[in-house]
Each structure stands twice: as C-alpha cells, then as structure tokens.
Number of protein chains: 2
Amino acid sequence: MNGSDSSTTDSASGTGTGRRRSEATRDAILTAARERFASDGYERATIRAVAKDAGIDPSMVMRYYGNKEGLFAAAVTVDLKLPDLTALPREELGRALVTHFLDMWEENEVLTALLRVGVTNDAGAERMQAIFRAQLLPTAHAVCPDPEQVPTRAALCATQLLGLALTRYVLRLPPAVTLPREEAVAWLAPTIQRYLTAAHPAA
Amino acid sequence: MNGSDSSTTDSASGTGTGRRRSEATRDAILTAARERFASDGYERATIRAVAKDAGIDPSMVMRYYGNKEGLFAAAVTVDLKLPDLTALPREELGRALVTHFLDMWEENEVLTALLRVGVTNDAGAERMQAIFRAQLLPTAHAVCPDPEQVPTRAALCATQLLGLALTRYVLRLPPAVTLPREEAVAWLAPTIQRYLTAAHPAA
DNA sequence: TGTGTTGGTCAACGCTTGTTGGCAACGGTA
DNA sequence: TACCGTTGCCAACAAGCGTTGACCAACACA
C-alpha cells in the first residue's frame with residue numbers, strides 16, 4: 001500500500017557491520033519526529049520542520065518512511081516495560097506502578113508524543129488502545145482476583161495515570177507540575193492499589 | 001487588538017426585541033464551531049468546515065469573530081456550575097463532584113472541545129488553567145481543611161476527573177466507554193473524597 | 001422615494017502543507 | 001576504469017488553509 005519497503009538489499013557494507021550507511025540519518029529523523037510530535041501534536045508537527053531539525057531534505061523523510069503516517073508509526077513505538085507484579089508484595093502494587101509510570105514518562109518524550117497525537121488523531125488513539133490492550137491488560141490480569149473485572153480495573157488505573165500525565169506533562173497545570181514526585185506517588189499509590197485489588201464497591 | 005468589536009449600534013430592531021437579526025447565524029456558527037473543535041481539535045477544525053456546517057460563507061465567520069482565535073474564544077466558554085459543597089454532608093463530597101462532572105461532560109460538547117484543543121494549543125491550555133484557577137480552586141477552598149494544601153488537592157482531583165474524561169470521551173478506551181456511569185461514580189467517588197478530605201499521606 | 005445600515009456571497013490573495021520526480025555526488029564492486 | 005545502487009538536494013506540484021475586499025440584496029427609516 002505504501003512505499004516504505006525496507007527490502008532494499010540490506011547489509012550494504014562489506015566490513016561486516018549490518019548498519020546501513022543511512023542509519024544515522026534515519027535515527028536523526030526519528031528523534032526529531034518524536035520531539036516535534038511531543039511538543040506540537042500531529043498536525044503542527046510538519047514534515048518540513050522534522051527534516052530541518054534532522055538537518056536533511058523533506059523528501060528524505062518521504063523516501064525512508066513513505067508518508068507522514070508512516071513516520072509517526074516508526075517514530076512512536078511504545079514499550080511500557082511493565083515489571084512483573086507477581087514478584088512484589090501485594091500491598092506495594094500501587095506504589096510500584098505509579099513510580100514506574102513516572103519513570104517512563106520522564107525517560108523520554110515518546111509518551112508525551114503519543115498522548116498529544118492520540119487526542120486529535122484517530123491512528124494515535126487506536127495506538128493507545130492497542131498499548132492498553134497488549135501491555136496494561138495482561139499486567140492487570142496477573143494481579144487481579146476476578147478475570148472478569150480486569151478490563152474495568154485496568155481502565156480505572158489508566159484514567160488516573162493518564163490523568164496525571166495529562167495535567168503534569170501536557171496541560172502543565174501549575175500545581176500538578178510543581179507537585180514533588182514523591183508526593184504524587186504518595187497520593188496516587190493508594191488509588192491504584194484500590195483499583196487493582198480492592199473489592200468491587202457497591203454501585 | 002482584534003476586530004471583534006460588539007459595538008455595532010446594538011438594538012437594531014424597532015419592535016423592542018433586543019436580538020439582532022443576525023443572532024441566529026451567530027449562534028449557528030458557534031454551535032458548528034463547538035462541534036468541530038470537539039471532534040477535530042484546533043488545527044483540523046477549519047473555518048471553512050465550520051461555515052459549511054452553519055450554512056454560510058467562511059467570510060461571515062471572520063466578520064463576526066475576527067479570526068480563528070476569536071472564534072475559539074467565543075465558542076468555548078466554560079462554566080462548570082460547581083455546586084456549593086458546604087451545603088452537603090461531608091462524606092458525600094466525592095460522589096457529588098464525580099456525578100456533577102459526568103453531568104457536565106455529557107450535557108454538551110464544549111468540555112470535549114476544550115480538552116481536545118487544550119492538548120495541542122497554547123491558548124487552549126491556558127484557558128484550562130484559568131478555569132481550574134477560577135472555578136475548581138475556590139470550590140476546593142471551601143471544603144479543604146488546610147488552605148495551603150488546596151492547590152495540591154484540587155490538582156489531584158483534576159488528574160482523576162480529567163483522566164476519566166480523557167479515556168472515556170476523547171480516547172474512547174473501550175472499557176472506560178462501556179463502564180456504566182453508576183459504576184464509574186462508585187469507583188471514583190472515594191478517590192476524590194480522599195484527595196479532598198483525607199490527611200496528607202506520608203511521603 | 002431615497003438613503004444608509006445590515007446580512008450575505010463571491011473571488012481571490014499569499015502562504016503552508018504533503019508529496020513527487022529528476023538529477024548530482026558518493027562509494028563499493030567487478 | 002566503468003558500473004550501479006545508495007544518499008542526498010532541488011524545484012515543483014496540487015490542495016487546503018486563514019484572511020481580505022469588492023460587490024449585491026434586503027431592510028429600516030427619513
């Protein structure tokens with residue numbers, strides 16, 4: 001469908017390293033794309049701006065990634081690296097998850113990019129759903145008592161964790177930004193703990 | 001600074017009704033603009049699309065609202081209509097706030113529009129901060145024990161409430177969408193209650 | 001009846017966007 | 001040396017954007 005065929009006779013080097021000569025450029029493009037998507041969202045992150053940041057011509061972006069959608073798909077790939085929660089004391093699940101999420105959000109800007117794009121772009125929103133399904137659901141499944149409640153409980157965790165990221169890293173609501181990391185953890189950990197392990201509340 | 005002067009010799013009708021003849025058109029524009037901003041975000045909500053939805057020419061939008069920023073400012077004005085929490089039993093604060101927020105989000109699409117725009121547009125983000133400051137902060141101030149903790153507690157509430165709106169109405173994470181309203185309230189109410197009234201947790 | 005204001009359309013402007021194709025340099029390989 | 005795939009730039013395209021100004025029809029009022 002698109003022209004992003006990576007079947008261009010790989011291993012072009014004779015010395016043995018499998019890296020293409022262009023790989024540095026490809027990486028520069030992806031890094032610049034992540035920064036732009038994270039700070040500007042999908043529409044305002046123009047291919048021309050990404051190319052300028054990467055120090056190359058816009059047409060190179062097209063050649064390597066087909067089109068803008070392909071660039072986004074290549075630049076924003078998320079692995080939440082969720083820890084094995086079964087190895088933890090049960091009462092520390094909430095704290096572990098919150099600290100891990102804060103780590104991931106502060107590690108690089110790819111999660112900010114995903115959230116900013118997901119809000120105004122269908123492909124971005126679907127990607128977030130896929131990550132939820134493939135990464136958060138299984139983790140919740142490992143610690144939740146009733147399998148039938150897993151989607152609900154995982155979604156509740158998502159509301160609180162994404163809400164924190166939204167206010168702190170995207171909207172930059174001042175009190176959420178200045179809130180010390182330790183204090184955020186102390187407040188949110190019991191919430192996540194309850195969403196994962198507490199009995200279903202009377203509705 | 002902009003051209004949105006509403007000083008165009010008002011009361012143009014002789015019969016006594018203060019409505020301008022154009023008011024129907026103005027309202028149609030604002031309604032269409034709210035829908036577009038809510039479903040498409042700021043960039044993709046084009047003036048041409050809004051005008052087409054309203055059944056008029058794009059230049060009319062410019063005449064009445066100056067420019068796109070003016071249109072957004074006029075279309076997206078938020079009054080959270082927060083109830084007087086001091087009139088409620090203290091243990092029902094959380095439930096009251098959550099149900100009220102869900103009411104507001106489902107009443108019309110202006111909150112969805114504000115969130116979608118706030119994520120990728122500086123003016124939108126600043127407007128959300130202003131609403132937080134002018135509407136949520138005072139409400140929290142009325143029920144929180146220590147005034148010094150009010151911004152933190154209000155921000156914590158914002159993370160949870162905006163997180164629910166984000167996943168349920170914007171990202172449309174399936175489990176958050178299908179979650180029955182009553183169940184969402186039952187789960188979130190204790191969280192909000194704790195953020196507002198519980199003792200500061202050990203950090 | 002004439003006149004000025006209002007509500008509205010039309011056509012165009014300058015600009016930016018994603019995207020395309022042609023062409024020049026480089027660098028291994030035969 | 002001659003070749004050929006790779007890397008890169010340049011110039012341009014068509015489309016869409018916000019925005020502008022000229023122009024017309026209807027109306028209110030003298």
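First the proteins, then the strands, lettered A, B, ... as listed; each starts at 1.
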Heavy atoms from other residues, nucleotides or ligands near CD of Gln149(A) exceed 12 (cutoff 6.0 Å):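 Yes.
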Using a 4.5 Å cut-off on heavy atoms from C-beta on, say whether the side chain of Val150(A) contacts that of Leu137(A).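 In contact.
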Distance check: side-chain N/O of Thr46(B) vs OP1/OP2 of dC17(D), anything under 4.0 Å? yes
dT7(D) phosphate, OP1 or OP2: any side-chain N/O from Ser22(A) under 4.0 angstrom?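 Yes, within the criterion.
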Honestly, is Arg153(A) close enough over Tyr195(A), meaning NZ or CZ under 6.0 Å from the six-membered ring centre and within 45° of the axis?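 Ring-cation test returns no.
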Closest-nucleotide ordering on DNA chain C, the 5'-leading residue of Thr25(B) and Arg44(A):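 Its nearest nucleotide being more 5', the pick is Thr25(B).
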Flag the pair Asp103(A) and Arg181(A) as a salt bridge only when some basic side-chain nitrogen lies within less than 4.0 angstrom of an acidic carboxylate oxygen. yes
Check the distance between [N]'s [atom2] and [X]'s [atom1] and give it to me in whole angstrom.
X	N	atom1	atom2	result
Tyr65(B)	dG7(C)	OH	P	12 Å
Leu71(A)	dT17(C)	CG	C1'	15 Å
Arg26(B)	dT6(C)	CZ	P	11 Å
Ile56(A)	dC10(D)	CD1	P	12 Å
Tyr64(A)	dT19(C)	OH	C1'	17 Å
Lys52(B)	dC17(D)	NZ	C1'	14 Å
Glu23(B)	dG7(C)	CD	P	10 Å

For the side chain of Arg34(A) and the backbone of Ala75(A), is there at least one donor-acceptor N/O pair under 3.5 Å apart?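 Yes.
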Phe37(B): what forms a ring pair (Phe, Tyr, Trp, His ring centres under 6.0 Å) with it, not counting sequence neighbours?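 For Phe37(B) the ring pair (Phe, Tyr, Trp, His ring centres under 6.0 Å) partners, ignoring immediate neighbours, are Tyr42(B), Phe72(B).
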Enumerate all atom pairs, one protein N or O and one N or O from nucleotides 19-25 of chain D, separated by less than 3.5 Å.
residue, atom, partner, partner atom, Å
dT19(D), OP2, Lys68(B), N, 2.9

